[in-house]
Amino acid sequence: RALLLACSSVWRASALKHLLWRTMPAKAGKPMKAGRPKKEDGPKKTILKKPAVPSTGLDAIFKPGRVDRSVVKSATKMTREQWLRHQEGMAEAWPLPSYMGGEKGHTQYRDETYHLITRWTAETEIEYRPHAKAPGSKSHLRYEKYSKAKTVGAALRLGSYPADWCWDYERGFIKVVGGPVRDEPLDISKGDAAAVSNVDKAINTWYVRELAKMLDMKPKELSESQGWGESVHIRALRLLAQRESKSFLEAADREGRKITDQQVLHVLKRWPFFRNPWRRNVMEEGQTWVFSDTLGLLRDRQGDVHLTAPTRRYPQVAELFARWLTDRLPEEAKKFTFTSMNVNCNYAAQIHRDNGNLGPSFIKAFGDFSGGTLNYWAEDAGGKLEALPKSQKVTFDLQEGLALFNGNCAHSVEPFQGSRYSIVYFSLGSYARMTSEDQEKMKKLGIPLPRDGEDPYSLLRPPAGYGAKAAIQKSKLPPFRFYSKDKLDRQKCARKPKTEAEVKKITANRLQPENA
């Protein structure tokens with residue numbers, strides 16, 4: 001009964017207060033609406049976050065976060081004097097990677113480092129430089145533990161992660177001494193889940209985050225915008241190549257200069273290549289694919305002629321490669337036209353003919369490699385490839401220049417060491433089947449298309465053939481042309497510097513990326 005009386009009193013007091021509030025006169029100028037009272041605006045309360053308290057347990061040393069210095073000090077077993085003695089001769093025995101140019105890395109890792117680390121497996125055999133990090137820090141204690149690892153899988157289990165591997169690799173603290181290394185990063189979404197290791201998962205998660213960070217995107221946005229045949233890695237790297245190509249083009253417009261070899265090589269290194277199973281004619285026996293993409297027009301197996309998906313999704317990559325050539329065309333080759341570009345990576349093509357091309361092709365190789373020269377049978381008029389006279393081939397060093405040749409004649413690439421990229425500029429014989437829409441897009445990319453009725457032998461004469469069947473040539477044109485790098489570099493650029501307003505206008509009129 002006492003509880004009921006108390007509740008009744010509280011209810012009556014609340015009701016009276018509410019009634020009084022509803023019947024109070026409103027302030028002048030604005031009638032007050034019935035309802036719950038509005039809170040008065042006042043100074044907002046500042047909620048202070050407590051500073052992170054450093055962990056004090058020994059196990060915290062091997063976990064993310066700050067650790068109390070007293071814990072680090074008590075766990076350290078090596079004096080600075082002992083550590084300095086360990087460093088004697090280590091810089092010579094454990095040099096920095098050659099691509100670092102003698103400078104230690106930072107938290108923004110090099111492209112070469114990403115290229116290497118993302119191809120490691122759990123079984124990749126590694127060796128750590130002994131006692132590489134100075135005592136007195138959490139890094140030293142962690143390193144002393146995980147540097148005992150002999151494989152990448154063991155390093156992960158001992159508390160190191162992909163970011164640690166990049167940091168240590170760029171400082172010469174870690175090197176690969178054996179075991180398997182992949183040709184390209186593993187796409188775990190397409191692999192057998194049972195065969196995906198913890199190392200694969202760790203590298204994939206970290207790498208996707210790194211790529212998304214470079215693009216100012218979220219990892220989810222990358223996966224949602226993938227095209228056909230693209231992994232998240234491929235999508236991200238191609239977006240980076242597109243962005244960098246656009247930047248290079250704008251800089252060239254602004255300064256009125258040519259696209260450089262270094263810029264083309266940069267984009268080629270960035271571009272992740274498609275494992276192309278269709279180019280059977282260039283493959284050695286037993287080979288099932290090559291790294292090769294086509295930009296520009298392509299004739300598919302149904303006979304349809306169209307712009308390829310990579311061209312539409314990453315148009316400024318195609319524009320950059322096209323402009324590299326058109327800015328350098330020598331006077332006698334100014335009328336060269338093309339519809340397509342074969343972009344190739346790290347394969348030596350066996351002897352073959354590019355049947356179906358219209359007119360000659362230009363070819364240039366980029367990269368840091370030795371070997372890889374182009375063999376060309378300039379007078380090949382057909383017949384069995386194995387019957388061609390080996391002594392009659394012409395050899396081009398494509399690192400040192402640009403070759404104009406007839407792709408319908410036999411050619412091959414010598415074996416090489418290093419990273420070799422090549423771009424072949426050519427015209428499809430069936431180019432006239434392209435749509436008017438694709439034709440307009442090609443013009444926006446700066447690709448000079450063949451004209452109706454174009455003579456395929458206006459730059460190079462037809463092949464004469466070999467031996468007794470060789471035809472007498474009346475044309476004074478050569479069967480091939482080669483332009484040295486020095487001559488190409490001396491070629492004046494016809495473009496003039498542009499103002500910022502003009503650059504913006506050019507950029508706005510460029511072919512925009514499609515979600516193809």
Side-chain angles (χ1 to χ4, degrees), residues 281-282 296-297 299 305 322 325-342 349-365 373-398 400-414 422-434 447-488 490-491:
N281 61 332
V282 304
L297 286 183
R299 180 181 180 274
V305 175
L325 178 67
T326 56
D327 278 351
R328 283 168 174 74
L329 285 175
E331 196 58 42
E332 63 270 25
K334 287 289 186 187
K335 293 182 179 179
F336 175 77
T337 58
F338 61 98
T339 64
S340 313
M341 295 169 281
N342 268 143
Q350 69 166 348
I351 187 169
H352 67 285
R353 300 183 182 104
D354 298 332
N355 296 322
N357 288 6
L358 174 74
S361 304
F362 264 118
I363 182 171
K364 177 70 172 75
T373 52
L374 178 72
N375 301 316
Y376 174 54
W377 282 262
E379 305 296 357
D380 171 32
K384 292 184 178 180
L385 289 170
E386 49 274 19
L388 289 170
K390 292 184 179 179
S391 61
Q392 297 296 312
K393 69 182 181 183
V394 182
T395 302
F396 301 119
D397 184 351
L398 298 178
E400 296 302 320
L402 178 68
L404 181 67
F405 72 111
N406 185 342
N408 295 323
C409 295
H411 52 286
S412 67
V413 174
E414 287 292 305
S422 67
I423 305 178
V424 184
Y425 303 83
F426 67 100
S427 286
L428 286 179
S430 53
Y431 76 91
R433 292 191 221 161
M434 81 173 101
I447 295 176
L449 296 171
R451 295 164 290 278
D452 290 342
E454 183 165 312
D455 179 7
Y457 299 109
S458 62
L459 296 175
L460 301 179
R461 65 168 172 77
Y466 292 108
K469 295 183 179 180
I472 297 174
Q473 289 292 333
K474 295 180 181 179
S475 173
K476 294 182 179 180
L477 291 172
F480 61 86
R481 299 176 190 264
F482 184 79
Y483 303 97
S484 70
K485 188 175 182 297
D486 289 341
K487 181 174 181 178
L488 295 174
R490 289 195 302 269
Q491 191 82 10

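Just the heavy atoms: all of them, side chains too, but no hydrogens, waters or symmetry mates, feed the values below.
With Ser427 as the partner, the side chain to side chain contact (heavy atoms under 4.5 Å, CB included) test is satisfied by one option alone out of Thr339, Leu449, Leu297: Thr339.
Minimum interatomic distance between Leu388 and Ala410 (heavy atoms only, all atoms of both residues): CD1-CB, 3.3 Å. Across Pro360 and Pro456, no two heavy atoms sit closer than the pair CD-O, 3.7 Å. Nearest heavy atom pair, residue Ala378 against residue Tyr466, reads N-OH, 3.5 Å. Contact record, Pro462 with Gln473: O-NE2, 3.3 Å, taken as the closest heavy-atom pair. Scanning all heavy atoms of the two residues, the minimum distance from Asn281 to His352 falls at O-CB, 3.1 Å. Heavy-atom minimum distance, Gly407 versus Ser361: N-OG, 4.2 Å.
Here the side chains of Gln350 and Ser412 are not in contact, with every heavy-atom distance at 4.5 Å or above. No side-chain heavy atom of Tyr425 sits under 4.5 Å from any side-chain heavy atom of Ile447. Looking only at side-chain heavy atoms (C-beta outward), Leu325 and Leu402 come within less than 4.5 Å of each other. At a threshold of 4.5 Å between non-hydrogen side-chain atoms, the residues Lys335 and Pro448 do not count as touching. Val305 has its side chain within reach of Arg299: a pair of non-hydrogen atoms, C-beta onward, lies under 4.5 Å apart. Looking at heavy atoms from C-beta onward, Phe336 lies in side-chain contact with Phe362 at the 4.5 angstrom threshold. Under the 4.5 Å side-chain criterion, counting only non-hydrogen atoms from C-beta, Ile351 is in contact with Trp377.
Using modelled atom types and a 3.5 Å distance limit, the side chains of His411 and Asp354 yield a donor-acceptor pair.
Note that OG1 of Thr337 and CD of Glu454 are 3.5 Å apart. Values are rounded to the nearest 0.5 Å. We find the CD-CG distance between Glu414 and Asp397 to be 11.5 Å, quoted to the nearest 0.5 Å. The structure places CG of Asn406 at 6.0 Å from OH of Tyr457, a figure rounded to the nearest 0.5 Å. The distance from the NZ atom of Lys487 to the CZ atom of Arg328 is 14.5 Å, given to the nearest 0.5 Å. Gln491 contributes atom CD, which lies 9.5 Å from atom CG of Asp327 (distance to the nearest 0.5 angstrom). Atom CG in Leu374 sits 9.5 Å away from atom CZ in Phe482 (nearest 0.5 Å).
Side-chain atoms of Asn408 come within 3.5 Å of backbone atoms of Asn357 as a donor-acceptor pair (strictly under, hydrogens ignored). Side-chain atoms of Lys364 come within 3.5 Å of backbone atoms of Leu398 as a donor-acceptor pair (strictly under, hydrogens ignored).
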Requested in this report: Let me see the working for Leu460 and Leu477 under side chain to side chain contact (heavy atoms under 4.5 Å, CB included), right down to the final yes or no.
Outcome: CA-CA 6 Å; Leu460 301 179; Leu477 291 172; 5.9 Å; no
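Heavy-atom neighbours of Lys390 NZ from other residues, nucleotides or ligands within 6.0 Å: at or below the threshold of 12.
Using bins of under 30°, 30° to 60° and over 60° for the plane-to-plane angle, the ring pair Tyr376/Phe405 lands in the perpendicular bin.
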